[in-house]
Amino acid sequence: MTVQTMTVQRQIQTMAMKARLSALWMFFLFNIIFRDIHELVEPGFIEEVLTGTVNGNPVTEHMLLLGGVMIQVPIAMVLLSRILPYRVNRWTNMIVAMLYGVVVPAFGTTDLDDTFHLIMEVAALSIVIWSAWRLRNPCLK
């Protein structure tokens, strides 16, 4: 095999890994979204939202902004995992996934479907960390 062939193969492997990371972030996002959608059909949830308090916490502009930021970061990771250069991509995926792996479970669960979605989210984040760790530099021989 020539050096050029090996370089092309490594670049293809790197592109495949970037696609995998992006898909994992989408899987994570879908689980967050459907976890929230399931809350809407929980008895009494809509009434609780209408009172301005959810799970005993007041719904404020700051809380809504935090929720927006918390969802925007994984949305950005779908794109960033595809376009960032090797080293930044690897570390960004690992760091963000580790942070979310700590923060997301801290919100807790209220019922079985929450627990199921949380398990799927943590699994996806774990695979992101593992995949990013295994991401290899396409420039190395």
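What you see is a predicted model; the values in this text were computed from it and never measured.
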Salt bridge (Lys or Arg N to Asp or Glu O under 4.0 Å) contacts touching residues 57-77 (sequence neighbours left out): none
Could you list the donor-acceptor pairs under 3.5 angstrom formed by side chains in residues 77-84, with sequence neighbours left out?
unit_1: Ser81; atom_1: OG; unit_2: Ser22; atom_2: N; d: 3.3
unit_1: Ser81; atom_1: OG; unit_2: Met77; atom_2: O; d: 2.9
unit_1: Ser81; atom_1: OG; unit_2: Val78; atom_2: O; d: 3.2

Residue pairs fulfilling side chain to side chain donor-acceptor pair (under 3.5 Å) with at least one residue in residues 24-36, sequence neighbours excluded: Trp25-Asn93, Asn31-His117, Arg35-Glu121
Leu125/Val96 under side chain to side chain contact (heavy atoms under 4.5 Å, CB included): CA gap, chis, key distance, verdict: CA-CA 9 Å; Leu125 293 170; Val96 172; over 6 Å; no
Nearest atoms (heavy-atom pairs only) where Leu24 meets Ala124: O-CB, 4.2 Å
Same apolar cluster: Ile127 and Phe116, side chain cutoff 4.5 Å: no
Spacing of Leu21 atom CG and Met94 atom CE [to the nearest 0.5 Å]: 10.5 Å
Other ILVMFWY residues reachable from Phe45 by side-chain steps of under 4.5 Å: Leu40, Ile46, Val49, Leu50, Val54, Val59, Met63, Leu64
Residues in side-chain hydrogen bond (donor to acceptor under 3.5 Å, both in side chains) contact with Arg90, at least two apart in sequence or another chain: none
Apart from Val102 itself, residues in the same hydrophobic cluster as defined by side-chain heavy atoms under 4.5 Å: none
Partners meeting side-chain contact (heavy atoms from CB on, under 4.5 Å) with Arg134 (sequence neighbours left out): Met17, Arg20, Trp130
Contacts of Met70 that satisfy side-chain contact (heavy atoms from CB on, under 4.5 Å) - sequence neighbours left out: Leu66, Tyr100, Val103, Phe107
Pairing residues for Thr115 by the side-chain hydrogen bond (donor to acceptor under 3.5 Å, both in side chains) criterion, not counting sequence neighbours: Thr109
Sidechain-backbone polar pair: Thr51 side chain, Glu48 backbone, donor-acceptor under 3.5 Å: yes
Asp113: partners by side-chain hydrogen bond (donor to acceptor under 3.5 Å, both in side chains), with sequence neighbours left out: His38
With sequence neighbours excluded, residues passing side-chain contact (heavy atoms from CB on, under 4.5 Å) with Ile33: Ile37
Single-linkage hydrophobic cluster, 4.5 Å side-chain cutoff, Val104 and Met120 together: no
Nearest-0.5 Å distance that lies between atom CD1 in Ile95 and atom CD1 in Ile129: 10.5 Å
Between CG on residue Leu65 and OG1 on residue Thr60, distance to nearest 0.5 Å: 9.0 Å
Point-to-point distance, once rounded to the nearest 0.5 Å, from CD1 of Ile75 to CZ of Phe28: 11.0 Å
Joint hydrophobic cluster, Phe27 plus Val122, side-chain heavy atoms closer than 4.5 Å: no
